[in-house]
Structure formats: structure tokens, C-alpha cells
Amino acid sequence: MRVKELFGTRGIRGPVATKVTPELMLRLGMALASHVDGGKVVVARDARTSSEMLCHAFIAGVLAGGCNVVDIGLAPSPCLAFTTRELSASAGAIITASHNPPPDNGIAFYRDDGMEFTDEDELALEELVLKKAPKRATWDSLGSVERYNAIPPYIEAIKKAVKVRRGFKVVVDCANGVASLVTPILLRELGCKVVTMNSHLDGHFPGRPAEPQPWNLGDLMRTVREVGADVGMAHDGDGDRIAVVDEQGNFIKHDALLALFAARAVRRKGDVVVTSINTSVAIEEVVAKAGGKTVRTALGDFHVAMLEHGAVFAGEPGKLVFKEFGPWADGVFTAAKLLELMSIERKPLSEIISFSVPDYPMYSQDFACPDEKKVEFMRSVRSYLLDHVGDVRDVLEIDGIRVNRRNGSWLLIRVSGTEPKARMVLEGRTAEEAEELKEIGLKAIKKFLGC
Ligand code: MG
């Protein structure tokens, strides 16, 4: 397959000053109108300081290409995906850089059914932007803009799809992003007492960096303990991701959350769950116990695999897709599903997790790896790992190399598709085994990258 130039793993992201400019947005708008060839496009934006400017440029492009626009304004990505499907639009687009730093922005595209654009879709769009001239409509066939308040129908649909049987005390941290407009309101309407933090819109991200990782969530963990909440929840800047903190203020590993929902999504023997190459073997184990099967994909490809395998559930760390609601990653819906699950289980969240999901020691580390070294590096790493890991059950090579041992432990080394980086991730059955795998990985990286 051709390599994408403009797009990263999914969507486009980068500094507004140099890459994600209004000029690019104008061309992308025209290109999208050519790509979908008519109908309407739903457009949303996140709360970054540059989003309004970029959104106007993008909308101008779509109109110039002859498509109509439904402008839903500030809204989370999953709300945009939902609205695109509900309004039978040709496509959806949101101006967002998700959890990137404040000077960045970007855009993500969704198909008519609410699934994110695939590599194929993105390559077709890229070709229109970079090489071909996108279609320009004549004066009498230009598009028009309609504004639509998409958040109330989205909240109503989630309320219909979940049943939270009792109220909880929840601390919600929206990273000053667009989930602020939805999650606190939804949870209150579900009967919860909601304590908000970082839940006013601010494109400077004054509260914390937008990536919902444990090292950014110290305030949330402390607040959950201080107010005696049942659970804490944190979003990224556009609300497709979620991270969860239990009632003791401890961060719940992203993979444990994935495993918890994956096992419950399996209803019939043989149901398929899709997850990315870099997640815990605990997912396979709990899914198998429930009678299901786990399929692994390259990072960013889980939507496509979900369709291919007719999966009941899919996810990457922090991004969960519930087939029953729609084929998009939805941090807001996940928040409601978690409360539903807690109301069924009637146990503290820490106990639900420790009872349902095995916890194995994991480790991950990034290393600088220049783009021009990546191919040679992976070739050398491959043979090194095959020679040194030992007791190999199988090897996955869909995205880097993941060597699985017979006992379930594994070591993955892959290179980033978007940054000059290599990453090692591993999981041992015991802390000693994790340490042993780490040493093997570090030796390979030192030998072939010199770091
Ligand atoms: Mg996001």
C-alpha cells in the first residue's frame, strides 16, 4: 500500500503554524466534497484556539465543492460520528488534534455510518489534495450551511441504550475539551452526583495536558479520594478517549478496562473481539473464558478489522468501540456503560476489576529512531528477537514484531508510523519474567539503535 504523506495513523495532526493551515483546510474541504460527490457533510470542532478559524476554511471548501454542510459547532468526535449516521450524511469531519499540545490542530473524517475513514479513504482524499484538482461547483450549485444542535439527541440516544440502576458519585475531568459539553450533563441525567474538574472550554488546556494518561491525572486521583467518589473519569480533548480511576483513586490500566468490556460484549460462542497489537494477553484470556475469540490488528486499524470479522467489540488503549451503539470510539458512551456495569455488579470498581481481569506486569518505553533507519532496524530486531526470546508460541508481524511465549508473556518492538520513534512493549507472567524480557529488548535496541 502507498505511504500516506498528509495523514498520520488516523486523521491529520500537526502545528497550526506550519502544517494544519487554513489553506490546507480549504483544499481538504473541496477534496472531501469531490470524494463523497454530493449530499451533506456534518462538521464539528473542538475547543482549541485555532479550531474556529480552521473550521470556517474547511466549510468554505466543502461549499465550494458543491456539498451542503450541517454545522454542529463545538462537539465531541463521537457525537459527530453519531450525528453523521443519524442525519444520513455523506461524511462527517471534526477539526481536532485530540490530545496533542495546544499549538497543534488537525482533522478527522468519518464515513456515512460513523466509522472513521480507512487508509483507503484517506489515500483517496490525499490524492485529491496533493495531485488532482478537486471539483469546483458552479455559482448556481454551491452548497449551503445549516446549523444543528446535535448534543441533545446524542445524550438521549445514550440514555436509551444504557440502564444505570442506581446513582453514583462521579468525578469527571474533561481536560477543558468538548466532552465538557456532554459527559457531566449525561451523567447527571443518569442520576449521578457529578463533581467536575477542567470542565469549562479552554483551548490553552490550563488544567492538564489533554492525553488521559496516569501521569496527567494526579488531580483527578486525589479528588476522587477527597470527595469519596465511586469512580473518576477523564477524557482527551475531543472525547473519543476515556481513562478511569477507581474509588480508591487508583488508575485503572487501559488494558484492564478493555478486557472488562470485551469479555462482557461476548454473548455467543465464537463472538469476535478486536484489539491492537500492543495490548495485554489478559484480553485474550477473559474473552476466551467468555467463549469468544480475539483478533489483533495494527495500531489504528481496529475499525476496519471490526467490520471484516463482524466483531462485537473493538478497542485500543483508551479508545473503546461498542458495536451495539456505533462503529466509532466513544469515551462518552463508555462512561455510561461503565456506570451501568457498576450498577449491575454492586461492588466497588476496584473489586470488579481485580475479580474480572488478571493483572500481569507490563512495561513500555520509547526510543528515538530516525525514519531512514526504521526498515533496517526492524529487520535486525526481528532476527535478534527470534534468536533470544525463547519458548516461542507464535510471532505476530502485522505492526512491528510481537513474539508470544507459550506461557502467554510477550515482547513487542515496533516503529511509529507518524514520529521518528521506536517503541518496546512487553508483558511477563511475573515481575522477574518482565525484567528478563525487558533486558532482551533493551539489548536489541542498544545493538541496533545505539541507545
Ligand atoms: Mg481523541
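Because the structure is a prediction, the values reported are computed rather than measured. Counting starts at 1 for both ligands and their atoms, following the listed order.
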State the atom name: nearest N, O or S atom of [X] to the Mg ion (ligand 1).
| X | value |
| --- | --- |
| D238 | OD1 |
| D240 | OD1 |
| D236 | OD2 |

*asked:* If the cut-off is 2.8 Å, does any N/O/S atom of T96 fall short of it from the Mg ion (ligand 1)?
replied: no

*asked:* In this structure, is the centre-to-centre distance between the rings of H309 and F302 below 6.0 Å?
replied: no

_Looking at R165 and E340, is there a salt bridge between them, counting it only when a charged N and a carboxylate O are closer than 4.0 Å?_
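So E340 does not pair with R165 through a salt bridge.
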
_So that I can tick it off, tell me whether E156 and K159 are bridged by a salt bridge, with the cut-off set at under 4.0 angstrom between side-chain N and carboxylate O._
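A salt bridge is present here (some side-chain N lies under 4.0 Å from a carboxylate O).
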
*Between atom CG of L260 and atom CG of L338, what is the distance when rounded to the nearest 0.5 Å?*
7.0 Å

